[in-house]
Participant: 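Structure below; questions to follow.
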Amino acid sequence: MEKTLTSLDTIVSLAKRRGFVFPGSEIYGGLAGTFDYGPNGVELLNNLKRAWWKAQVYEKENYYGLDAAMFKHPRTWDASGHTKGFSDPLAECKECNARIRVDKELAAIGVTADEKMFIEELNALFDAHRNEIKCPKCGKKNFSAVRAFNLLVKSNLGDFTSDGSEPVFLPGEASQGIYLDYKNIVDSMNPKIPFGVVQIGKAFRNEISPRNFLFRTREFEQADTQYFIRPNENKEAYEHIKQDRWNWYLSLGIREENLRWHQHENLVFYAKDAWDIEYNFPSIGFDELEGIHDRSDYDLTQHQEFSGVDLRYTDPETGEKYIPWILETSVGMGRMFVAVLADAYREDELGGEKRAYLALAPRLAPYSAAVFPLLKNKPELVAKAREVYLVLKSAGIRIAFDDNGNIGKRYRRQDEIGTPFCITIDFDTLGETPELKDTVTLRHRDSGEQERLTIAEVSTRIRDAI
Ligand code: ATP
């Protein structure tokens with residue numbers, strides 16, 4: 001019987017053991033809320049980004065890519081509301097000074113709360129449930145009152161004053177770059193409304209309690225799409241985008257039963273509607289993977305007001321001028337990465353042995369294939385395997401070469417990193433059985449089945465799969 005994943009720890013340890021994700025700054029004891037993508041992790045991450053870019057830019061019409069600078073004029077964050085309103089509700093343990101994020105602790109005991117509520121409202125809720133919430137560090141229940149804690153991270157970029165009075169913030173979210181360049185895109189590309197602008201960019205947040213692996217970190221990447229539409233033409237487009245984003249996760253191979261919709265109850269004053277796609281994260285349960293927001297004309301109106309620059313769109317046919325409305329989709333690449341890893345994780349028994357493998361979609365796997373010589377100590381097998389490896393490599397296939405340990409161990413290693421195909425070079429490849437000369441065995445990751453094919457057939461098979 002095939003088993004899927006129930007605990008996040010299994011993924012955390014596989015990720016470290018197999019070079020996907022390492023804790024940040026580990027040799028110095030770690031830096032909370034940071035992680036490093038290792039050699040296999042960066043391949044999976046880049047494959048995900050490439051697939052996302054292809055779906056959001058190349059396969060759509062009238063969508064444009066952007067890579068805006070991380071640092072932005074400080075007024076950006078005043079206009080966006082981040083300097084005043086980008087905060088999470090925090091309470092401090094009076095016994096051990098540990099900090100908790102109040103809305104998440106309330107939600108964990110079944111009390112509806114979120115960071116968009118007024119602080120007075122959260123304090124009242126917290127007071128009503130204080131004795132049900134324990135400090136995660138010391139276990140006591142002696143907390144301070146709730147206060148709003150701003151999440152923006154400051155830098156001293158270009159600030160030569162000694163008092164740090166003019167901080168340039170690190171981006172609290174990636175999307176602001178799109179608003180700042182909206183006019184440049186309109187002037188240089190002449191897009192006709194409706195049109196989309198997409199960007200993958202870093203975000204930094206002083207999260208009160210970073211936790212759950214890549215789910216809540218202080219540094220992360222967001223893949224954002226801002227879709228500019230005519231005022232009041234939001235409803236149909238919003239439904240279309242929601243469906244499109246749902247289908248994207250299915251296209252990654254994520255099982256539909258692990259996805260669900262969540263509609264926001266507390267909308268910020270300018271928002272028309274807001275939904276999240278939630279994923280059933282192991283150990284966490286269903287929680288936000290991607291936010292899809294109907295934001296009216298708020299963002300561009302704010303930047304027009306704060307910058308003094310006219311950000312109205314001029315309809316090329318009617319000459320009508322207006323501030324476009326925006327439909328936004330935003331997903332953290334780290335959360336997407338965990339969802340894909342967790343969903344692909346399987347345990348089963350093959351040839352009487354237990355194994356774990358990642359049933360990753362072939363186009364996402366760090367390696368598309370691996371080549372092995374049957375025996376490491378037979379130079380003619382190793383030489384032929386090297387030759388096949390180089391032929392496939394020059395055909396543009398991302399390929400590994402492995403002659404470490406016995407074949408069974410090599411299969412297990414590749415299974416655990418999700419390599420869809422393993423190719424073994426044996427004596428028949430060299431012509432021991434003349435009619436099998438220049439054929440190899442191709443082994444399929446999920447079923448463990450093997451077939452005998454020519455090297456050219458193997459190359460086609462792999463290219464078709466990715
Ligand atoms: P949450 O309620 O979980 O704090 P959010 O509603 O503040 O998330 P958004 O500001 O809408 O999140 O950000 C868009 C996306 O960025 C989220 O759907 C999530 O995938 C990702 N994201 C947000 N915060 C973090 C974080 N601290 N670590 C990793 N990814 C994050």
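Counting convention: from 1, in listed order, for ligands and their atoms alike.
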Participant: Backbone, side chain, both or neither: what part of Arg211 comes under 4.0 angstrom of ligand 1, heavy atoms only?
Facilitator: neither
Participant: Apply the side-chain hydrogen bond (donor to acceptor under 3.5 Å, both in side chains) test between Tyr179 and each candidate in Lys72, Gln226, Gln304; give the one that qualifies.
Facilitator: Gln226
Participant: Using non-hydrogen atoms of the residue, decide whether Leu214 is closer than 4.0 angstrom to ligand 1.
Facilitator: yes
Participant: Say whether Gln222, considering both its backbone and side-chain N or O atoms, lies within less than 3.5 Å of an N or O atom on ligand 1.
Facilitator: yes
Participant: Below 6.0 angstrom between ring centroids: does that apply to Tyr249 and Tyr279?
Facilitator: no
Participant: Taking the six-membered ring where the residue is Trp, are the ring centres of Tyr313 and Phe228 under 6.0 Å apart?
Facilitator: no
Participant: What protein heavy atom lies closest to atom 18 (O) of ligand 1? Include the residue and the distance to one decimal.
Facilitator: Glu288 OE2, 2.6 Å
Participant: Could you list which atoms of ligand 1 come closer than 4.0 Å to a heavy atom of Gly291?
Facilitator: 18 (O)
Participant: Is it true that Arg230 and Glu320 have a side-chain N and a carboxylate O under 4.0 angstrom from each other?
Facilitator: yes
Participant: Apply the salt bridge (Lys or Arg N to Asp or Glu O under 4.0 Å) test between Glu290 and each candidate in Lys242, Arg335, Arg245; give the one that qualifies.
Facilitator: Arg245
Participant: Considering non-hydrogen atoms of the protein only, which is the closest contact for atom 4 (O) of ligand 1, and what is the distance?
Facilitator: Arg216 NH1, 2.8 Å
Participant: What part of Asp88, side chain, backbone, both or neither, has a heavy atom within less than 4.0 angstrom of ligand 1?
Facilitator: neither
Participant: Could you identify the single nearest non-hydrogen protein atom to atom 25 (C) of ligand 1 and state the distance to 0.1 Å?
Facilitator: Phe220 CZ, 3.4 Å
Participant: Taking only residues two or more places apart in sequence, or in another chain, which ones meet Glu236 in a side-chain contact (heavy atoms from CB on, under 4.5 Å)?
Facilitator: none
Participant: Run the contact test for Glu278 against ligand 1 with a 4.0 Å cut-off on heavy atoms, strictly below, and give the result.
Facilitator: no
Participant: Is the shortest distance from a Lys or Arg side-chain nitrogen in Arg461 or Asp464 to a carboxylate oxygen in the other one below 4.0 Å?
Facilitator: no
Participant: Check for me whether Arg355 meets the cation-pi criterion with Tyr357, that is, NZ or CZ under 6.0 Å from the six-membered ring centre and within 45 degrees of the ring axis.
Facilitator: yes
Participant: Would Val331 count as a polar contact of ligand 1, with the cut-off being nitrogen or oxygen pairs under 3.5 Å?
Facilitator: no
Participant: So, is Arg335 polar-close to ligand 1, with some N/O to N/O distance under 3.5 Å?
Facilitator: yes
Participant: Closer than 4.0 Å to some heavy atom of Leu289 - which atoms of ligand 1 meet that?
Facilitator: 18 (O), 19 (C), 20 (O)
Participant: With sequence neighbours excluded, what pairs up with Lys60 under the salt bridge (Lys or Arg N to Asp or Glu O under 4.0 Å) test?
Facilitator: Asp244
Participant: With the threshold set at under 4.0 angstrom, would you say Glu221 reaches ligand 1 through any of its heavy atoms?
Facilitator: no
Participant: With Lys202, which of Glu219, Glu221, Glu173 fulfils salt bridge (Lys or Arg N to Asp or Glu O under 4.0 Å)?
Facilitator: Glu219
Participant: Hydrogens and angles aside, do Ser330 and Asp224 bring a side-chain donor and acceptor to less than 3.5 Å of each other?
Facilitator: yes
Participant: Tell me, which protein residue and heavy-atom name are nearest atom 14 (C) of ligand 1, and how many Å apart are they?
Facilitator: Ser330 OG, 3.3 Å
Participant: Whether Arg99 and Glu92 form a salt bridge (side-chain N of Lys/Arg under 4.0 Å from carboxylate O of Asp/Glu) is what I want to check.
Facilitator: yes
Participant: Test of understanding: given a 4.0 Å heavy-atom threshold, classify the contact between Arg205 and ligand 1 as side chain, backbone, both, or neither.
Facilitator: side chain
Participant: For atom 2 (O) of ligand 1, what's the nearest protein heavy-atom neighbour? Residue, atom name and distance, please.
Facilitator: Lys104 NZ, 3.5 Å
Participant: What protein heavy atom is closest to atom 29 (C) of ligand 1, reported as residue, atom name and distance in Å?
Facilitator: Phe215 O, 3.2 Å
Participant: Within the 4.0 Å heavy-atom shell around Arg101, which atoms of ligand 1 are there?
Facilitator: 4 (O)
Participant: Among all protein heavy atoms, pick the one closest to atom 28 (N) of ligand 1 and tell me residue, atom and distance.
Facilitator: Thr217 N, 3.0 Å
